[in-house]
Amino acid sequence: MLDLGKDQDRMTKDDAERQHKTVNCLLEALFNAPEDRREVQLLADEVGLGKTFVALGVAYEALAGYRKAKLPEFLADLGNCYKAVVVITPAGNHALAQKWWDEVGALVKRCGLQPDELRWFNSTRCTTPEDLLIGLRKASDLRRKPGSVPTVLICEVGMFTKRIREKGAKLRFISAA
């Protein structure tokens with residue numbers, strides 16, 4: 001459903017091929033068999049080479065898998081996880097958090113082969129730990145149609161220094177994690 005090279009005004013064929021290979025490499029590392037899985041990955045290169053779209057491509061593939069009635073094999077052991085991707089930006093960098101929010105829509109518009117079929121792929125800004133918990137709960141609500149609202153949750157790391165109003169072990173654990 002995505003073609004990172006669709007926007008040929010901004011992307012060369014070689015760049016698109018590199019990005020697709022990077023997405024596939026990250027997916028393999030993150031969702032390999034548990035004994036071979038590498039759950040922490042660092043994506044770094046020069047400015048302007050497409051790290052954001054690569055990361056969102058990985059997010060899209062993971063969340064698209066959660067939308068299926070029967071989870072694909074690469075997600076089978078993660079069925080009880082929250083069905084959201086959390087992006088954490090540096091504290092106080094509101095512009096970067098906004099950019100991530102904007103880029104989710106831009107990915108669908110610029111790279112979606114059928115943009116109407118990708119309306120579900122969206123983002124939510126979380127400004128408090130409570131917003132994050134609500135977003136995680138909504139994305140994983142089993143009362144809804146399975147996989148109906150997987151989402152990208154965008155948080156600034158500074159939100160975790162705010163006082164947590166809700167007295168609950170789950171929110172405190174998520175904030176600490």
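The structure displayed is predicted, hence computed values, not measured ones. Throughout, numbering of the chain's residues begins at 1 and tracks the sequence.
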NZ/NE/NH1/NH2 to OD/OE distance under 4.0 Å, K13 and E17: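 Looking at K13 and E17, the cut-off is not met.
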Short N-O contact, D15 and R18, less than 4.0 angstrom: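 R18 and D15: salt-bridged.
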T89 and N93 side chains, donor-acceptor separation under 3.5 Å: no
Side-chain donor-acceptor contact under 3.5 Å, E28 with N24: no
Side chain to side chain contact (heavy atoms under 4.5 Å, CB included) evaluation trace for T22 with V58: CA-CA 9 Å; T22 304; V58 172; over 6 Å; no
How long is the gap from [atom1] on [X] to [atom2] on [Y], to the nearest 0.5 Å?
X	Y	atom1	atom2	answer
R125	L132	CZ	CG	13.5 Å
E156	L96	CD	CG	8.5 Å
L30	C25	CG	SG	9.5 Å
L136	K83	CG	NZ	11.0 Å
E103	L56	CD	CG	7.5 Å

For [Y], is there any backbone N or O sitting under 3.5 Å from a side-chain donor or acceptor partner on [X]?
X	Y	answer
R38	A29	no
D36	N32	no
T124	L153	no

Search all heavy atoms of [X] against all heavy atoms of [Y] and return the closest pair with its distance.
X	Y	result
G57	V23	C-CG1, 4.2 Å
K51	L43	O-CD2, 3.5 Å
I154	S123	CD1-CB, 3.8 Å
F53	A106	CZ-C, 4.0 Å
V54	L26	CG1-CD1, 3.8 Å
A59	F121	C-CE1, 4.2 Å

E61/L27 under side chain to side chain contact (heavy atoms under 4.5 Å, CB included): CA gap, chis, key distance, verdict: CA-CA 8 Å; E61 286 297 325; L27 286 167; 3.7 Å; yes
Side-chain touch L118/L2, heavy atoms, less than 4.5 angstrom: yes
Heavy-atom neighbours of K6 NZ exceed 12 at 6.0 Å: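 Buried by this count: over 12 neighbours within 6.0 Å.
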Side chain to side chain contact (heavy atoms under 4.5 Å, CB included) evaluation trace for T52 with L107: CA-CA 9 Å; T52 303; L107 178 77; over 6 Å; no
Step-by-step side chain to side chain contact (heavy atoms under 4.5 Å, CB included) determination, V85 to Y60: CA-CA 9 Å; V85 170; Y60 168 80; over 6 Å; no
